[in-house]
Protein chains: 2
Amino acid sequence: MHDLTEMLKGTLEGCVLEIIGGEETYGYAITRRLNELGFVDVVEGTVYTILLRLEKNGLVQVTKRPSGVGPPRKFYALNDAGREELTTFWAKWEYLSSRINNLREGGR
Amino acid sequence: MHDLTEMLKGTLEGCVLEIIGGEETYGYAITRRLNELGFVDVVEGTVYTILLRLEKNGLVQVTKRPSGVGPPRKFYALNDAGREELTTFWAKWEYLSSRINNLREGGR
DNA sequence: CTAGGTACTTTGTAGTACCGAGTACCACTA
DNA sequence: TAGTGGTACTCGGTACTACAAAGTACCTAG
């Protein structure tokens, strides 16, 4: 598939928020999940920078837990601010994607 | 409305391609058209940088014409490479937006 | 004890939208 | 005829984001 990096800007963070909103989880697992979901070229480094940003912006609650199969995991869960941010993200996505689809329709 | 700048990255260029693909037009008019279409915060400077990039990448044919109501206009039309790029853009858009919508559905 | 999967960190880079200021053409009007 | 406002393009710099690359470290299987 083509390179989606530029198109992912601004949306990937929302996707990570959505995944965390579904269940408390950690970076490595989020990356695997994104890959399964069709975001095939997203790599760990990218997800970790997003997670650090979310933490810095106070959108998540972080809990470190031992793993049993490797080094300890940092589990992320949304707090109130995070849930609000997620709602905003979907509103923006709906707005933007509808405009873009309208643009396409109009051209045919 | 919220700030869409980050989300526009990677998609705005495609929108400009689509508009040019519809009819030969120029920067100032493209900006006004985008604003009408709901991309309310897109400003001229942004559109011009995109147009210069399209020209540099050999996706458009440029023709300068006098205006009658102001300085001369630079009209842009898609060439074969531009039409191909536009097709690729919509393929990427369809791919990405369907993944994102799937992600959202899965969470409910 | 080595290899490979798991798991996180850090530094640096490239690409994109946007800001701000500037230049310049034209019509209208006081 | 000077000034204002709409039209139209250019250019230098900034902020933000996804990604690359390299490293550290834990654990199991052979």
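In the text below, chain A, chain B and the rest are named by the order of the sequence lines, each starting its count at 1. The basis for the numbers below is simple: all heavy atoms, side chains too, and nothing from hydrogens, waters or symmetry mates. Everything numeric in this text was worked out from a predicted model, so none of it was measured.
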#### Entry: Earlier contact from the 5' end, DNA chain C, for B/Glu13 and A/Lys64
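Nearest nucleotide further toward 5': that of A/Lys64.
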
Starting at [atom1] of [X] and ending at [atom2] of [N], how long is that distance when rounded to a whole Å?
X: B/Leu12; N: C/dG15; atom1: CG; atom2: P; value: 18 Å
X: A/Leu52; N: C/dC8; atom1: CG; atom2: C1'; value: 9 Å
X: B/Leu51; N: D/dA8; atom1: CG; atom2: P; value: 14 Å
X: A/Asn35; N: D/dC19; atom1: CG; atom2: C1'; value: 14 Å
X: A/Arg73; N: C/dT6; atom1: CZ; atom2: P; value: 10 Å
X: B/Tyr76; N: D/dC9; atom1: OH; atom2: P; value: 7 Å
X: A/Glu44; N: D/dC19; atom1: CD; atom2: C1'; value: 13 Å
X: B/Asp3; N: C/dT16; atom1: CG; atom2: C1'; value: 14 Å

### Message
Between the base of D/dC16 and the side chain of B/Lys9, is one N or O donor paired with an acceptor at under 3.5 angstrom?
### Response
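For B/Lys9, whose side chain was compared with the base of D/dC16, there is a donor-acceptor pair (under 3.5 Å).
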
Between [X] and [N], is there a contact of a side-chain N or O with OP1 or OP2 at under 4.0 Å?
X: A/Thr46; N: D/dC19; answer: yes
X: A/Arg53; N: D/dT17; answer: yes
X: A/Tyr48; N: C/dC8; answer: yes
X: A/Lys74; N: C/dT9; answer: yes
X: B/Tyr26; N: D/dC9; answer: no
X: A/Tyr28; N: C/dC8; answer: no
X: B/Thr49; N: C/dA17; answer: no

### Query
When all nucleic acid strands are considered with a 4.0 Å heavy-atom cut-off, which category describes B/Pro66: base, sugar-phosphate, or nothing?
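No contact.
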
### Task
Could you tell me whether A/Ile50 contacts a base, only the sugar-phosphate backbone, or nothing, with contacts defined as non-hydrogen atoms closer than 4.0 Å?
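Since only primed, P, OP1 and OP2 atoms lie under 4.0 Å of A/Ile50, the category is sugar-phosphate.
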
### Query
How about B/Val43 and B/Thr46: do any of their side-chain heavy atoms sit closer than 4.5 Å?
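Answer yes - side chains close enough.
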
### Query
Start at the 5' end of DNA chain D and walk down; is the nucleotide closest to B/Gly45 or to B/Val69 reached first?
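Comparing both residues, the 5'-ward one is B/Val69.
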
Could you tell me whether [X] and [Y] make a salt bridge, using a distance below 4.0 angstrom between a side-chain N and a carboxylate O?
X: A/Lys92; Y: A/Glu85; value: no
X: A/Arg104; Y: B/Glu18; value: no
X: B/Glu24; Y: B/Arg65; value: yes

### Query
Considering only side-chain heavy atoms of B/Pro71, which listed nucleotide, C/dT16, D/dC19, D/dA8, is closest?
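Selected nucleotide: D/dA8.
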
### Query
Which one, C/dA7, D/dC16, C/dC18, comes nearest to the side chain of B/Thr5?
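Output: C/dC18.
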
### Query
For B/Tyr26, which of B/Tyr76, B/Tyr48, B/Phe75 qualifies under ring-ring contact (aromatic ring centres under 6.0 Å, His included)?
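The single option meeting the ring-ring contact (aromatic ring centres under 6.0 Å, His included) with B/Tyr26 is B/Phe75.
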
#### Entry: A/Cys15 side, atom SG; A/Ile50 side, atom CD1 - distance, nearest 0.5 Å
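Taking SG in A/Cys15 and CD1 in A/Ile50, the distance rounds to 8.5 Å.
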
